[in-house]
There are 2 protein chains.
Amino acid sequence: MNIGEVAERTGLPPKTIRYYEDIGLVKPLRDSNGYRAFRESEMHKLAFLGRARTLGFSIEDCRNLLALWEDSNRASADVRAIAKDHLAQIEAKIRDLQEMRDTLSTLVRDCAGDDRPDCPILKSLGTEFGSERRS
Amino acid sequence: MNIGEVAERTGLPPKTIRYYEDIGLVKPLRDSNGYRAFRESEMHKLAFLGRARTLGFSIEDCRNLLALWEDSNRASADVRAIAKDHLAQIEAKIRDLQEMRDTLSTLVRDCAGDDRPDCPILKSLGTEFGSERRS
DNA sequence: CCTTGACCCTCCAGTGACTGGAAGCCCCAT
DNA sequence: ATGGGGCTTCCAGTCACTGGAGGGTCAAGG
């Protein structure tokens, strides 16, 4: 299977697949003409990686998850630990963004948005934020 | 004012302040010894930038907001447009993360997390996701 | 006067995960 | 043989810093 077909079947761009080879996530064989020759198993690995990435796992997490996936003697606790950790990070990020959203949406709501210069958004950015700052 | 004091008063690391000078966001004077000499106004600009960044505005957004802040003839509509745009991006990001969180938390909930290899998380990553995929 | 330590300077490289582009083979159909 | 698409490698750029090397400057204490 050439890279183009793998790209189509996994939904990953060829560039990304080459990059994943560069960093050692997959090791496709080569045809005599130098083209990468992917086996089915490699295709499945790449699809696995694509799905793990859409769940926001880092490449290093993906590497570890892939190793566990391939290890029939794994303990599900190891997988779960990675996922739980990542989940906590996602939740933290969501909270951060929600804070930004709340502040911003208030400011946007209060801004007239006309041709006058008076603007609560700039006013707020130009002075201390009203409440406490997180350390 | 030396960079250290500015750093302390704005909460921005010295490295970041130097970087902001590099990319032309501030233009401090120099003492005869080569040290940056910040005026109050520069300090305020940097504080403004720090606050805009904590709201997640990109550097380019910050550059534009700063220009509007300095322009007493601005139209608040211009500020509002930038903020609204950014708000929409934040909201999109939140939705993405919430989707990840929902999928992940289900998987984590369903995974025993013991020493056996059976694991719904890996099972899910190894096969198509259950429902539709967004284009 | 000398040393010590805290500051400050510049420049270079690395982060994460790609992405774009140039320059150049390879293969197949016309 | 020519044209177009697919494949290859390598280099550079993205974003917003951050770390570190290697060195100058300043104020205080001995």
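Naming convention: chains lettered A, B, ... in sequence-line order (proteins, then strands); numbering from 1 in each chain. Side-chain atoms are counted along with the backbone in the values below, which use heavy atoms only and exclude waters and symmetry mates.
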Contacting residues from residues 82-94 of chain B, given that a heavy atom lies under 4.0 angstrom of DNA chain D: none
Whole angstrom value for the distance that separates P of D/dT18 from CD1 of B/I23: 13 Å
Enclosure of A/E8 CD (heavy-atom neighbours >12, cutoff 6.0 Å): no
End axis versus end axis in the helix from C/dC1-D/dG30 to C/dT30-D/dA1, the angle rounded to 10°, five pairs used at each terminus: 30°
Nearest-angstrom distance from the residue atom CD of B/E60 to C1' of D/dA16: 11 Å
Contact pattern, 5' to 3', of nucleotides 1-15 of chain C - B, S or - by protein heavy atom under 4.0 Å: ------BSSBB----
Flag if over 12 foreign heavy atoms under 6.0 Å of CZ, A/R116: no
Presence of salt bridge, A/E21 and A/R30, under 4.0 angstrom: yes
Rounded interatomic separation in angstrom, taking OH from A/Y19 and P from D/dC10: 16 Å
A/R39 with A/E42: basic N within carboxylate O range, under 4.0 Å: yes
A/L107 vs A/T103 side-chain heavy atoms within contact, under 4.5 Å: yes
Separation of D/dT9 C1' from A/I17 CD1 (nearest whole Å): 17 Å
A/T16 side-chain N/O to C/dT19 phosphate OP1/OP2 under 4.0 Å: yes
Worked verdict on B/S76 versus A/D118 for side chain to side chain donor-acceptor pair (under 3.5 Å): CA-CA 6 Å; B/S76 70; A/D118 183 51; over 6 Å; no
Test side chain to side chain contact (heavy atoms under 4.5 Å, CB included) applied to B/F38 and B/L29, B/T10, B/I17, the passing residue: B/I17
Value in whole Å for how far the P atom of C/dA17 lies from CG of A/L25: 10 Å
Cluster overlap B/V26 with B/Y35, hydrophobic side-chain contacts below 4.5 Å: no
Atom pair distance, as rounded to whole Å: CZ in B/R63 and P in D/dC15: 11 Å
Distance in angstrom units between A/F57 CZ and C/dG16 P, rounded: 17 Å
Smallest separation among heavy atoms of A/T127 and B/R51, with atom names: O-NE, 3.0 Å
Note: A/E40-A/R9 ion pair, threshold 4.0 Å (strictly below): yes
Sugar-phosphate only, base, or nothing, as touched by B/Y20 at under 4.0 Å among non-hydrogen atoms: sugar-phosphate
Derivation and outcome, side-chain contact (heavy atoms from CB on, under 4.5 Å), residues A/R36 and A/D31: CA-CA 6 Å; A/R36 288 168 184 80; A/D31 281 341; over 6 Å; no
